[in-house]
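Here is the naming used below: chain letters follow the sequence lines, and residue numbers restart at 1 for every chain.
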4 protein chains.
Amino acid sequence: MSKQQEIITISRKIIYSKGYQATSISDILDAANIGKGQFYHYFSSKHDLGLAVVEDLVKECDQEVFLEIFQSEFDPITKLNKMLKRTLVFHTDEEGKSGCPVGNLAIEMSEHDETFRLKIQYIFDRWISFIEETLNELIKQGHFPSTMDSKKHAQSIVAMIEGGVLLMKSQKDISFLTNVLDVIREQYRLS
Amino acid sequence: MSKQQEIITISRKIIYSKGYQATSISDILDAANIGKGQFYHYFSSKHDLGLAVVEDLVKECDQEVFLEIFQSEFDPITKLNKMLKRTLVFHTDEEGKSGCPVGNLAIEMSEHDETFRLKIQYIFDRWISFIEETLNELIKQGHFPSTMDSKKHAQSIVAMIEGGVLLMKSQKDISFLTNVLDVIREQYRLS
Amino acid sequence: MSKQQEIITISRKIIYSKGYQATSISDILDAANIGKGQFYHYFSSKHDLGLAVVEDLVKECDQEVFLEIFQSEFDPITKLNKMLKRTLVFHTDEEGKSGCPVGNLAIEMSEHDETFRLKIQYIFDRWISFIEETLNELIKQGHFPSTMDSKKHAQSIVAMIEGGVLLMKSQKDISFLTNVLDVIREQYRLS
Amino acid sequence: MSKQQEIITISRKIIYSKGYQATSISDILDAANIGKGQFYHYFSSKHDLGLAVVEDLVKECDQEVFLEIFQSEFDPITKLNKMLKRTLVFHTDEEGKSGCPVGNLAIEMSEHDETFRLKIQYIFDRWISFIEETLNELIKQGHFPSTMDSKKHAQSIVAMIEGGVLLMKSQKDISFLTNVLDVIREQYRLS
DNA sequence: CATGAATGAGTTTTCATTCAT
DNA sequence: TATGAATGAAAACTCATTCAT
């Protein structure tokens with residue numbers, strides 16, 4: 001792994017936990033064990049690093065969620081179940097205390113930094129699109145009525161997940177997320 | 001309105017838009033047109049002000065949502081519809097650009113400041129409880145089957161709203177919220 | 001003297017000697033024996049201080065050169081002689097090593113900071129105007145032929161002084177200035 | 001042109017416009033499209049480069065002004081006229097915005113770096129000497145009275161030119177220079 | 001010769017908080 | 001109560017220089 005990627009990976013963890021603004025360059029330097037000069041050799045500014053971190057998040061979503069799940073050969077029900085499963089595993093590992101890496105930045109940065117917002121918007125857009133397509137497949141299969149507005153429901157599913165993660169974080173209780181995931185499975189008859 | 005309340009009200013607006021950490025005491029002094037001495041007369045620290053702001057949020061929720069809606073004489077369906085309506089109106093006024101005042105602080109502060117987290121937790125707890133009770137009423141009325149796990153669904157409804165607001169903020173598009181609200185109405189047969 | 005004026009006075013000396021860019025805020029803090037916070041309480045930035053220093057220079061020129069010499073009741077020859085005398089005294093005190101406070105900033109800042117340039121331009125404009133008026137008086141008195149272009153000559157006199165000071169500074173020899181002043185007196189028959 | 005000379009030429013332009021201190025090594029690397037290693041192969045430090053740049057200036061003056069003009073076979077009046085003409089052409093090309101390459105460094109560096117100062121002093125010394133000699137020729141020819149102090153007047157002429165360029169730069173108006181050059185021609189009856 | 005990664009001291013600036021009046 | 005001067009630690013960023021390759 002290149003030094004630059006190493007810095008991004010370390011920064012991502014810190015930013016995920018503390019937030020972008022509360023993360024100081026020094027926090028990163030200490031964690032990565034590098035000097036100021038080296039940091040600014042790879043990134044022109046904290047903002048530049050922040051964008052690189054979001055970009056890294058985009059790549060990971062593309063790879064681990066979109067490619068491995070939605071663009072796979074699984075049947076639609078399995079796709080959605082795998083997505084829900086992955087969500088739970090991710091937050092179980094992290095003890096749920098930090099919330100959603102994308103959602104956190106969405107809330108912290110969207111209003112005041114359009115460059116961040118656009119990258120985050122892209123992730124949500126893609127995510128929703130993939131779910132929408134999957135719901136469309138299910139409609140075609142007769143799993144849902146053809147009158148179903150798949151876009152609305154795709155947005156709702158993402159909203160429920162993000163909201164569930166938010167609640168889990170603020171209530172310090174992973175059951176808030178598991179319950180929301182249960183309700184999704186129930187409402188969309190995924191199990 | 002007392003000077004102290006005035007400071008809280010002004011600070012709340014700024015913190016709502018910029019976040020707690022990104023809001024400086026100077027931002028508040030400028031907006032409130034007061035000096036440092038006056039600020040520190042009323043609040044012992046920025047943290048103290050922050051808690052007062054969350055407390056103010058708690059009070060408003062208690063009054064405008066919990067008391068006026070859930071502790072009213074409306075029938076349960078109306079209660080839920082009024083809650084959804086209020087959510088939409090609030091974000092329409094604010095153009096949706098700042099997201100949810102409670103959710104924002106939940107994400108920004110929960111992990112690193114337990115005092116903030118507890119107050120926010122309390123708001124969500126109460127909100128969820130009221131919805132749960134309302135769902136229970138509906139179960140009693142036969143609107144939902146008696147097997148329904150009202151707690152789970154109450155959590156889900158709050159999650160959808162918070163997630164919908166989060167999406168609306170990051171996508172800069174109020175339709176993300178309206179769509180999610182529609183799905184709630186649809187799924188719980190509120191209209 | 002107010003703290004702010006004190007900072008300006010100290011900064012002016014340092015900037016005069018080291019130049020604006022080479023003067024660090026720390027240089028000023030050390031010399032003025034104040035903390036960073038205090039500095040930024042009085043000045044919003046280094047640039048802001050720089051402008052205040054030039055402004056201070058403007059005021060001093062207005063007072064010590066323009067008001068006391070040109071707007072006095074002296075006859076025109078005396079005015080010009082007093083101006084030349086003052087120039088020499090100023091640089092004798094300072095050992096001539098730092099050059100002209102205005103000329104230095106003119107050269108250092110004019111090209112890259114228009115706000116500095118405008119203030120400096122104003123000083124030279126006024127200075128040249130006063131000399132021009134004085135030359136006009138001398139033309140009226142028949143001391144110079146009526147065909148004399150007083151504006152050109154006023155510019156030349158300022159140029160000679162500034163150039164003389166520049167040479168004195170770079171050659172580390174005050175005689176370069178005294179010689180130039182002599183030539184001015186000679187050419188304009190001031191003695 | 002050798003790589004080293006190339007770096008000097010590029011650096012000279014940048015330093016001429018921005019000043020020595022405000023010019024960073026990176027500015028030069030970017031403009032010259034070279035790496036750090038190559039720079040430090042040719043120059044031991046920024047200071048070393050600075051001196052090489054002044055040396056380059058010395059050489060150019062020697063060649064283009066002193067050799068081609070003063071050490072030529074032109075008659076003295078023509079020499080001085082050519083010198084004035086060259087001054088004007090130089091600053092017309094450069095739009096006058098950057099001032100005199102030698103004068104700028106004289107003011108910026110003289111007081112705090114003796115090695116720079118000595119090289120700059122040398123240029124002015126030679127320039128003044130050549131003018132002095134030329135004036136002496138003119139005295140011999142009876143163009144000026146034998147009582148004329150040619151050294152003083154040589155210094156004055158250089159002072160006027162440097163001062164005229166300084167005014168032109170700070171007033172952003174080339175007429176300040178042309179006027180001063182006119183006055184020189186007038187006072188020394190060169191046209 | 002040449003690259004560019006790495007160093008680290010130094011720069012300007014911000015900011016919560018305290019203190020004298 | 002109220003003002004705003006003062007403090008000082010910490011923030012983001014720059015830059016000349018060195019070093020491993």
Side-chain angles (χ1 to χ4, degrees), chain A residues 2-4 6-7 18 20-30 32-50, chain B residues 2-4 7 11 20-30 32-50, chain C residues 2-4 6-7 20-30 32-50, chain D residues 2-4 7 20-30 32-50:
Chain A
S2 74
K3 199 81 199 176
Q4 185 170 37
E6 205 180 296
I7 297 171
K18 302 184 68 167
Y20 171 78
Q21 316 227 38
T23 298
S24 76
I25 301 289
S26 290
D27 289 338
I28 292 163
L29 303 185
D30 291 349
N33 222 8
I34 56 170
K36 287 225 159 104
Q38 196 170 4
F39 177 87
Y40 282 97
H41 178 67
Y42 291 109
F43 303 97
S44 61
S45 66
K46 183 184 173 184
H47 189 251
D48 187 37
L49 168 77
Chain B
S2 74
K3 197 82 200 172
Q4 185 170 36
I7 296 171
S11 302
Y20 172 77
Q21 317 225 40
T23 298
S24 73
I25 301 287
S26 287
D27 288 338
I28 292 162
L29 302 184
D30 291 351
N33 227 355
I34 55 170
K36 293 234 156 111
Q38 199 167 5
F39 178 87
Y40 280 96
H41 173 69
Y42 291 113
F43 303 97
S44 61
S45 66
K46 183 186 175 184
H47 189 251
D48 186 36
L49 168 75
Chain C
S2 74
K3 198 83 199 173
Q4 185 170 38
E6 206 180 295
I7 296 172
Y20 171 78
Q21 318 225 39
T23 298
S24 75
I25 302 288
S26 290
D27 289 338
I28 292 162
L29 302 185
D30 291 350
N33 220 9
I34 56 170
K36 289 226 157 109
Q38 196 170 5
F39 177 87
Y40 282 96
H41 178 68
Y42 291 109
F43 303 97
S44 61
S45 65
K46 184 184 173 184
H47 188 252
D48 186 35
L49 168 76
Chain D
S2 73
K3 197 82 200 172
Q4 186 170 34
I7 297 172
Y20 172 78
Q21 316 225 40
T23 298
S24 73
I25 302 287
S26 286
D27 288 339
I28 291 161
L29 301 185
D30 290 350
N33 227 356
I34 55 170
K36 292 233 154 112
Q38 199 166 5
F39 178 87
Y40 280 96
H41 173 69
Y42 290 114
F43 304 97
S44 63
S45 66
K46 184 186 174 182
H47 189 250
D48 187 36
L49 168 75

Legend entry - First encountered from the 5' end of DNA chain F, between D:L29 and B:I34: B:I34
Legend entry - Separation between CD1 of B:I28 and OG1 of B:T23, rounded to the nearest 0.5 Å: 6.0 Å
Legend entry - Pairwise distance CD(A:Q38) to CD(A:Q4) - rounded to 0.5 angstrom: 11.0 Å
Inset, instruction - Write down the distance between CG (B:D27) and C1' (E:dA16), rounded to a whole number of angstrom. - result: 13 Å
Legend entry - Presence of donor-acceptor pair under 3.5 Å, side chain of B:K36 and base of E:dT17: yes
Inset, instruction - Starting at atom CG of C:L49, determine the distance to atom P of E:dT12, rounded to an integer number of angstrom. - result: 11 Å
Inset, instruction - By nearest nucleotide on DNA chain E, pick out whichever of B:A22 and D:N33 is the more 5' one. - result: D:N33
Legend entry - D:F39 CZ to F:dC19 C1', straight-line distance once rounded to whole Å: 17 Å
Inset, instruction - State the dot-bracket string of DNA chain E. Criteria: Watson-Crick or G-U wobble, both atom distances under 3.5 angstrom; notation: ( ) intrastrand, [ ] crossing earlier pairs, | interstrand, . unpaired. - result: .||||||||||||||||||||
Inset, instruction - Tell me which nucleotide among E:dA2, F:dA12, F:dA2 gets nearest to the side chain of D:Y42. - result: E:dA2
Inset, instruction - To the nearest Å, give me how far apart CD (B:Q21) and P (F:dA10) are. - result: 16 Å
Legend entry - salt bridge (Lys or Arg N to Asp or Glu O under 4.0 Å) involving A:K3 - partner list, sequence neighbours excluded: A:E6
Inset, instruction - Might you point out which heavy atoms bring A:D48 and A:Y42 nearest each other, and give the distance in Å? - result: OD2-O, 4.4 Å
Legend entry - Minimum-distance nucleotide (side-chain atoms of A:Q38 versus F:dA16, F:dA6, E:dT7): E:dT7
Legend entry - Closest-nucleotide ordering on DNA chain F, the 5'-leading residue of B:G35 and A:I25: B:G35
Inset, instruction - State, with a plain yes or no, whether a side-chain heavy atom of D:H47 is found less than 4.5 Å away from one of D:Y20. - result: yes
Legend entry - Rounded interatomic separation in angstrom, taking CZ from A:F43 and P from F:dT14: 15 Å
Legend entry - Nearest-neighbour nucleotide for the A:Y40 side chain, F:dC13, E:dA6, E:dT13 considered: F:dC13
Legend entry - Interatomic spacing from NZ in A:K46 to CZ in A:F39 - rounded to 0.5 Å: 9.0 Å
Legend entry - Main-chain N/O of A:S24 paired with A:D27 side-chain donor or acceptor, under 3.5 Å: yes
Inset, instruction - Return the value, rounded to whole Å, for the distance between atom CD1 of B:I7 and atom P of F:dT1. - result: 11 Å
Inset, instruction - Give the rounded distance in Å between these two atoms: NE2 of B:H41 and P of F:dT1. - result: 4 Å
Inset, instruction - Please evaluate the base of E:dT13 for a donor-acceptor partner in the side chain of C:K46 within a cut-off of under 3.5 Å? - result: no
Inset, instruction - Measure the distance from OH on C:Y20 to P on E:dT11 and round it to the nearest whole Å. - result: 14 Å
Inset, instruction - Report yes if at least one side-chain N or O of A:S24 is closer than 4.0 Å to OP1 or OP2 of F:dA11; otherwise report no. - result: yes
Inset, instruction - Determine the contact category for C:S2: base if any of its heavy atoms lies under 4.0 Å from a base atom, sugar-phosphate if only primed atoms, P, OP1 or OP2 are that close, otherwise nothing. - result: nothing
Inset, instruction - Return the 5'-most residue of the pair B:G37, C:S45 with respect to DNA chain E, ranking by each residue's nearest nucleotide. - result: C:S45
Inset, instruction - Would you classify A:T23 as touching base, sugar-phosphate or nothing, given that sugar-phosphate means primed atoms plus P, OP1 and OP2, and contacts are heavy atoms under 4.0 Å? - result: sugar-phosphate
